[in-house]
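Chain letters run A, B, ... following the sequence lines, proteins first, then strands; residues in each count from 1.
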2 protein chains.
Amino acid sequence: MNTRGQQVQRDVLAILRRERAPLSAYKVLAEMRRATPKMAPTTIYRALAALIKAGRVHKLESLNAFIACRSGKQDHSAVLSICDECGQVEETAAPEVVEALSTLAGRSGFRPVRHVIELRGQCASCENEEVSP
Amino acid sequence: MNTRGQQVQRDVLAILRRERAPLSAYKVLAEMRRATPKMAPTTIYRALAALIKAGRVHKLESLNAFIACRSGKQDHSAVLSICDECGQVEETAAPEVVEALSTLAGRSGFRPVRHVIELRGQCASCENEEVSP
DNA sequence: TGCGTAATGTAATGTTATAACGTAGCAATC
DNA sequence: GATTGCTACGTTATAACATTACATTACGCA
């Protein structure tokens with residue numbers, strides 16, 4: 001069927017996988033333009049939207065950036081821990097926490113469809129560096 | 001001391017309080033410009049940053065918008081439930097959930113400094129409307 | 001009063017995201 | 001095999017969000 005866009009999606013995913021830190025949409029675009037100089041932002045955003053929908057990519061809302069999903073499946077219960085020093089992101093599955101959140105919010109009748117859970121701080125290795133002078 | 005900026009902060013906070021739905025920084029700016037036509041984006045962003053730091057305002061990261069904090073104190077454990085239909089936001093304090101998250105992330109050595117917890121979905125009244133034809 | 005410093009104003013620019021609209025490819029029906 | 005309609009895709013422009021850089025002002029204090 002739609003081979004054009006799917007190729008874009010594959011390429012975008014490959015670019016995101018190469019990095020361990022998140023990339024902005026425009027960084028991805030810059031990479032894509034090495035092969036396709038005229039590619040437009042819209043194309044990237046469409047590919048990213050499709051990849052997010054498929055659970056292959058996460059958007060880091062507090063960073064306006066994107067990262068390939070590392071954990072096995074489309075985990076809609078991911079907690080993303082973002083190191084503000086090195087920029088690396090760790091994914092943790094936390095279905096119980098998500099469950100607890102839904103329950104809590106549900107008390108007032110709110111029905112959650114998706115969630116954003118992001119922690120900002122320092123990863124283990126950056127924390128260690130700080131101590132040693 | 002710094003009466004100029006503090007006045008801006010008061011005005012921004014008053015504008016945010018008047019709305020129950022979140023406002024973007026530029027919406028706030030537009031309001032402020034009714035009295036001060038030359039006001040610049042920077043001024044708004046500085047005021048918002050100060051208000052956020054003081055725990056008087058929340059930034060909705062998944063929306064790039066801002067809302068006045070309703071619950072009593074600077075709650076750094078707030079869960080924000082955003083209705084995608086009417087735009088209204090509900091704040092819920094959830095210290096236990098935040099604690100659980102910190103613990104979970106801490107297992108790998110990550111040290112959280114702040115967190116973003118947002119739920120997207122439908123509030124009770126929008127949910128009800130949907131059922132009745 | 002004059003100096004140092006911190007807060008504020010101002011202009012320009014950078015970055016992120018979407019709207020609007022036209023086109024291409026494909027499938028179904030006739 | 002033309003016509004029609006659907007959906008994905010390309011293209012351009014622009015909207016929306018945010019920050020940098022530097023000038024200016026206010027204020028405490030010697």
[X] [atom1] to [N] [atom2]: how many Å, rounded?
| X | N | atom1 | atom2 | answer |
| --- | --- | --- | --- | --- |
| A/Leu29 | C/dG14 | CG | P | 16 Å |
| B/Gln6 | C/dA6 | CD | P | 17 Å |
| B/Leu60 | D/dC17 | CG | C1' | 14 Å |
| B/Leu48 | D/dA18 | CG | P | 9 Å |
| B/Met39 | C/dT10 | CE | P | 9 Å |
| A/Gln9 | D/dC9 | CD | C1' | 12 Å |
| B/Leu63 | C/dT16 | CG | C1' | 15 Å |
| A/Ile44 | C/dT15 | CD1 | C1' | 15 Å |

Listed partners of [X] passing side chain to side chain donor-acceptor pair (under 3.5 Å), at least two apart:
| X | answer |
| --- | --- |
| B/Arg120 | B/Ser62, B/Asp84 |
| B/Thr42 | none |
| A/Glu61 | none |

### Query
Looking at A/Glu118, A/Glu91, A/Arg70, which hits side-chain hydrogen bond (donor to acceptor under 3.5 Å, both in side chains) with A/His58?
A/Glu91

Polar-atom pairs under 3.5 Å, protein N or O versus N or O of nucleotides 18-21 of chain C: list them with distances, or write none.
residue: C/dT18; atom: O4; partner: A/Thr42; partner atom: OG1; Å: 3.2
residue: C/dA19; atom: N6; partner: A/Thr42; partner atom: OG1; Å: 2.9

### Query
With no hydrogens and no angle check, is any side-chain donor or acceptor of A/Thr103 less than 3.5 Å from a backbone partner on A/Glu99?
yes

### Task
Could you tell me whether B/Lys59 contacts a base, only the sugar-phosphate backbone, or nothing, with contacts defined as non-hydrogen atoms closer than 4.0 Å?
sugar-phosphate

## Note on the structure
Going by chain and number, the hydrophobic cluster around B/Val116 (ILVMFWY, side chain to side chain under 4.5 Å) further includes A/Val116

I'd like to check the side chain to side chain contact (heavy atoms under 4.5 Å, CB included) partners of [X]; sequence neighbours left out, ordered by chain and number.
| X | value |
| --- | --- |
| B/Ala50 | B/Gln9 |
| B/Arg18 | B/Ile15, B/Glu31 |
| B/Pro112 | A/Leu119, B/Ser102, B/Phe110 |

### Query
Taking only N and O in the side chain of B/Asn64, is any of them less than 4.0 Å away from OP1 or OP2 of C/dA17?
no

### Task
Would you jot down, in residue-number order, the residues of residues 15-25 of chain A having a non-hydrogen atom under 4.0 Å from DNA chain D?
none

